[in-house]
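We name chains A, B, ... by the order of the sequence lines, and we start the count at 1 in each one.
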Number of protein chains: 2
Amino acid sequence: MIQDDKNDKQISQAVIRRLPRYYRYLRELIRNNILRISSRELSEKMKVTASQIRQDLNCFGGFGQQGYGYNVKYLYNEISRILGVDKHFTAVIIGMGNLGKALARNPLFEKRGVSIKGLFDISPDIIGKPCNGIPVMSMNLVTEFCVINSIDIAVLTLPKSEAASAAETLAKAGIKGFWNFSNMELSLSEYDVKIENIHLGDTLMTLCYELARDLDEKE
Amino acid sequence: MIQDDKNDKQISQAVIRRLPRYYRYLRELIRNNILRISSRELSEKMKVTASQIRQDLNCFGGFGQQGYGYNVKYLYNEISRILGVDKHFTAVIIGMGNLGKALARNPLFEKRGVSIKGLFDISPDIIGKPCNGIPVMSMNLVTEFCVINSIDIAVLTLPKSEAASAAETLAKAGIKGFWNFSNMELSLSEYDVKIENIHLGDTLMTLCYELARDLDEKE
DNA sequence: TAGATTGTTAATCGATTAACAATC
DNA sequence: TAGATTGTTAATCGATTAACAATC
């Protein structure tokens, strides 16, 4: 059993949600041939405190060196490992509407070590026509496909009305993680699965909130 | 000047980011013809504490009634107003790639009182062909269009390389809010604008993190 | 009125920041 | 060695939860 956190103490959600941001900034540093960086320098770039960076990283281990700072490539690799990039998870996309298609063609998966193995829909019009080189299959085949290929992740880009039953089918087929764009609260408490709910509209609304406050102030 | 918060005290980001979730749940209650609800009942549905609900709502005013609870429609309307739905913000989408197209056809905007007035791209192949009934125009026209139509929000779904310059053009054209899917950190500190950065990949990575931890435990 | 439930204050909890000893 | 910067503990800050008086 690999121990990422030094003393098995629980890592807070706040820290976990900041990891992908470190990952992005470190990749950028590598791209710019920056080989080492101190927490203070990184904190200036990321607009956070150096203290927070050191605390966050130390949840997982001592990746730096006193008097030197952090080796960028080493740190990037460590965070990459913590985030499971090297686990090479596999995924299917369920629902080939506009968002499904957009995600199927998006390079974000491969950049993070996740490979899309299959696309699924119920519409006969699009079944059989590959998207971005990946076959679009009938939902009738989804269980068999996921079981045979040991798929880890299901991306749910289908209508609210179909999301609940599809999710249950997928959980039974061994899916362990749901990246859920369906705006449907999934109830899969009987299954040992992780769910990441994405409500795109929510972030648009917080933007609208800020804009509305500005307007109110000017009245 | 409208006072949403009772004593002009600053509302925390944590509270603001929860508002759209209340908004969703309240709409669901209305759909199910539920006319009143107590903080305790709502807390059970939403899996949060009743205390938090009462605290959150009270940042903006006393919307409930002792001994009764909350009038669902009234509360929905209040939150709707706080989130600026009745401000009827206007938006343009910049970049008609897969994600841009998916958003242009997505009903999420109209549900939140935001109307998409124009779509923009640099590719001559798609300029002139409307998407979801909205014209796709050349980026050369974006400044004129935004100024004339007093556009509030720009949705950035263009490549990283083009995002920075486009954002500056848009800020100069009077855009006040950016819903930024470009994965580019925008530097618009000279302009009085609000930015909501969306990093879709980040949420996929936190899901991968959870899955990776599960695998590690089993080793 | 009695019961219910809010609005609000006080207590707790957790997360962030500051400080500094350890050490490269 | 001296200077720099981490890892880590302690202090602070803010957010969440609990409690209860106010009141419908």
Side-chain angles (χ1 to χ4, degrees), chain A residues 3-22 25-26 29 34-76 78-79 82 206, chain B residues 3-22 25-26 29 34-76 78-79 82 206:
Chain A
Q3 275 297 135
D4 261 321
D5 44 305
K6 295 144 102 189
N7 311 307
D8 212 6
K9 59 174 142 21
Q10 195 51 48
I11 315 286
S12 79
Q13 273 295 112
V15 176
I16 295 165
R17 299 214 166 261
R18 280 195 293 267
L19 289 178
R21 188 152 183 266
Y22 291 125
Y25 272 84
L26 288 165
L29 291 173
I34 293 165
L35 299 177
R36 65 180 256 198
I37 196 160
S38 69
S39 57
R40 192 184 50 72
E41 287 170 305
L42 188 55
S43 76
E44 281 159 14
K45 282 187 197 290
M46 296 184 65
K47 312 267 168 66
V48 296
T49 63
S51 225
Q52 180 165 80
I53 292 172
R54 294 203 299 277
Q55 284 271 28
D56 284 357
L57 298 179
N58 265 83
C59 292
F60 303 97
F63 300 138
Q65 197 168 73
Q66 282 99 330
Y68 174 89
Y70 297 88
N71 177 308
V72 174
K73 270 190 184 162
Y74 172 73
L75 185 57
Y76 177 78
E78 284 299 305
I79 291 182
I82 293 164
T206 60
Chain B
Q3 274 299 136
D4 263 319
D5 43 305
K6 294 145 102 189
N7 310 307
D8 211 7
K9 60 174 143 17
Q10 195 50 47
I11 315 286
S12 79
Q13 273 295 113
V15 175
I16 294 164
R17 299 215 167 261
R18 282 195 291 266
L19 290 178
R21 189 154 182 265
Y22 291 124
Y25 274 84
L26 288 165
L29 290 175
I34 293 166
L35 300 177
R36 65 181 254 198
I37 196 160
S38 69
S39 57
R40 193 184 50 72
E41 287 170 305
L42 187 56
S43 75
E44 281 160 14
K45 283 189 197 289
M46 295 184 67
K47 311 268 169 63
V48 297
T49 64
S51 224
Q52 180 165 78
I53 291 172
R54 293 203 299 277
Q55 285 270 29
D56 283 357
L57 298 179
N58 264 84
C59 293
F60 301 97
F63 300 138
Q65 198 168 72
Q66 282 98 328
Y68 175 89
Y70 297 88
N71 177 308
V72 175
K73 271 190 184 162
Y74 172 72
L75 185 57
Y76 177 78
E78 285 299 305
I79 291 181
I82 293 164
T206 60

Novice: Could you give the side-chain donor-acceptor pairs of residues 13-20 of chain B under 3.5 Å, partners two or more places apart or in another chain?
Specialist:
residue, atom, partner, partner atom, Å
Arg17(B), NH1, Thr206(A), OG1, 3.4
Arg17(B), NH1, Glu196(B), OE2, 2.9
Arg17(B), NH2, Glu196(B), OE1, 3.2
Arg17(B), NH2, Glu196(B), OE2, 3.2
Arg18(B), NE, Asp56(B), OD2, 2.7
Arg18(B), NH2, Asp56(B), OD1, 3.0
Arg18(B), NH2, Asp56(B), OD2, 3.4

Novice: What pairs with Tyr76(B) under ring-ring contact (aromatic ring centres under 6.0 Å, His included), at least two apart in sequence or on another chain?
Specialist: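 Checked Tyr76(B) against ring-ring contact (aromatic ring centres under 6.0 Å, His included); matches are Tyr23(B).
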Novice: Please enumerate all residues that pass side-chain hydrogen bond (donor to acceptor under 3.5 Å, both in side chains) together with Ser43(B), with sequence neighbours excluded.
Specialist: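 side-chain hydrogen bond (donor to acceptor under 3.5 Å, both in side chains) list for Ser43(B), sorted by chain: empty.
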Novice: So, for Asn71(A) and Lys73(A), which heavy atoms are closest and what is the spacing to 0.1 Å?
Specialist: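 Nearest heavy atoms, Asn71(A) then Lys73(A): OD1-N, 3.1 Å.
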Novice: Taking all heavy atoms of Lys45(B) and all of Ile37(B), pick out the closest pair and write down the distance.
Specialist: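 Reported closest heavy-atom pair: CE-CD1, 4.2 Å.
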Novice: Atom CZ of Phe60(A) and atom C1' of dT6(D): how far apart are they, to the nearest Å?
Specialist: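 My rounded result for the distance is 18 Å.
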Novice: Measure the CG-OH distance between Leu75(A) and Tyr22(A) for me, rounded to the nearest 0.5 Å.
Specialist: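 The CG atom of Leu75(A) sits 9.5 Å away from the OH atom of Tyr22(A).
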Novice: Below 4.0 angstrom, which residues in residues 37-48 of chain A have at least one non-hydrogen atom near DNA chain C?
Specialist: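 Residues of residues 37-48 of chain A that come under 4.0 Å of DNA chain C do not exist, since none gets that close.
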Novice: Could you pull out all residues at least two apart from Glu41(B) that satisfy side-chain hydrogen bond (donor to acceptor under 3.5 Å, both in side chains)?
Specialist: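 Only Ser38(B) meet the side-chain hydrogen bond (donor to acceptor under 3.5 Å, both in side chains) criterion with Glu41(B).
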Novice: State which residues pass side-chain hydrogen bond (donor to acceptor under 3.5 Å, both in side chains) with Arg40(A); sequence neighbours excluded, sorted by chain then number.
Specialist: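 Counting only residues at least two positions away or on another chain, Arg40(A) forms a side-chain hydrogen bond (donor to acceptor under 3.5 Å, both in side chains) with Glu44(A).
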Novice: To the nearest Å, give me how far apart CZ (Arg36(B)) and P (dT5(C)) are.
Specialist: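 Distance check: Arg36(B) CZ to dT5(C) P gives 7 Å.
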Novice: Tabulate protein N/O versus nucleotide N/O from nucleotides 12-16 of chain D, keeping only pairs under 3.5 Å, one per line.
Specialist:
residue, atom, partner, partner atom, Å
dT16(D), OP1, Arg18(B), NH1, 3.0
dT16(D), OP2, Arg18(B), NH2, 3.0
dT16(D), O5', Gln52(B), NE2, 3.4

Novice: Protein within reach of the bases, or only the backbone? For nucleotides 19-24 of chain D, mark each nucleotide 5' to 3' as B, S or -, using heavy atoms under 4.0 Å.
Specialist: BB-BBB
Novice: Please state how far atom CG in Leu57(A) lies from atom C1' in dT6(D), giving the value in whole angstrom units.
Specialist: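 Taking atom C1' of dT6(D) as the reference, CG of Leu57(A) is at 11 Å.
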Novice: Rounded to whole angstrom units, what separation is found between the CD1 atom of Ile53(B) and the P atom of dG7(C)?
Specialist: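 Distance, rounded to whole Å: 12 Å.
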Novice: Taking it one step at a time, do Val72(A) and Leu26(A) satisfy side-chain contact (heavy atoms from CB on, under 4.5 Å)?
Specialist: CA-CA 6 Å; Val72(A) 174; Leu26(A) 288 165; 4.1 Å; yes
Novice: Could you state the interatomic distance from OH (Tyr70(B)) to CG (Leu57(B)), rounded to the nearest 0.5 Å?
Specialist: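 Answer rounded to 0.5 Å: 5.0 Å.
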Novice: In degrees rounded to 10°, what angle is found between the helical axes fit to the five outermost pairs at each end of the helix from dG3(C)-dC24(D) to dC24(C)-dG3(D)?
Specialist: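 For the helix from dG3(C)-dC24(D) to dC24(C)-dG3(D), the axes at opposite ends meet at about 10°.
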Novice: Tell me which donor-acceptor pairs under 3.5 Å the side chains of residues 60-69 of chain A have, and how far apart each pair is, sequence neighbours excluded?
Specialist:
none

Novice: Can you check whether Tyr70(A) has a side-chain N or O nearer than 4.0 Å to OP1 or OP2 of dG7(D)?
Specialist: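 Looking at the OP1 and OP2 atoms of dG7(D), one of them is under 4.0 Å from a side-chain N or O of Tyr70(A).
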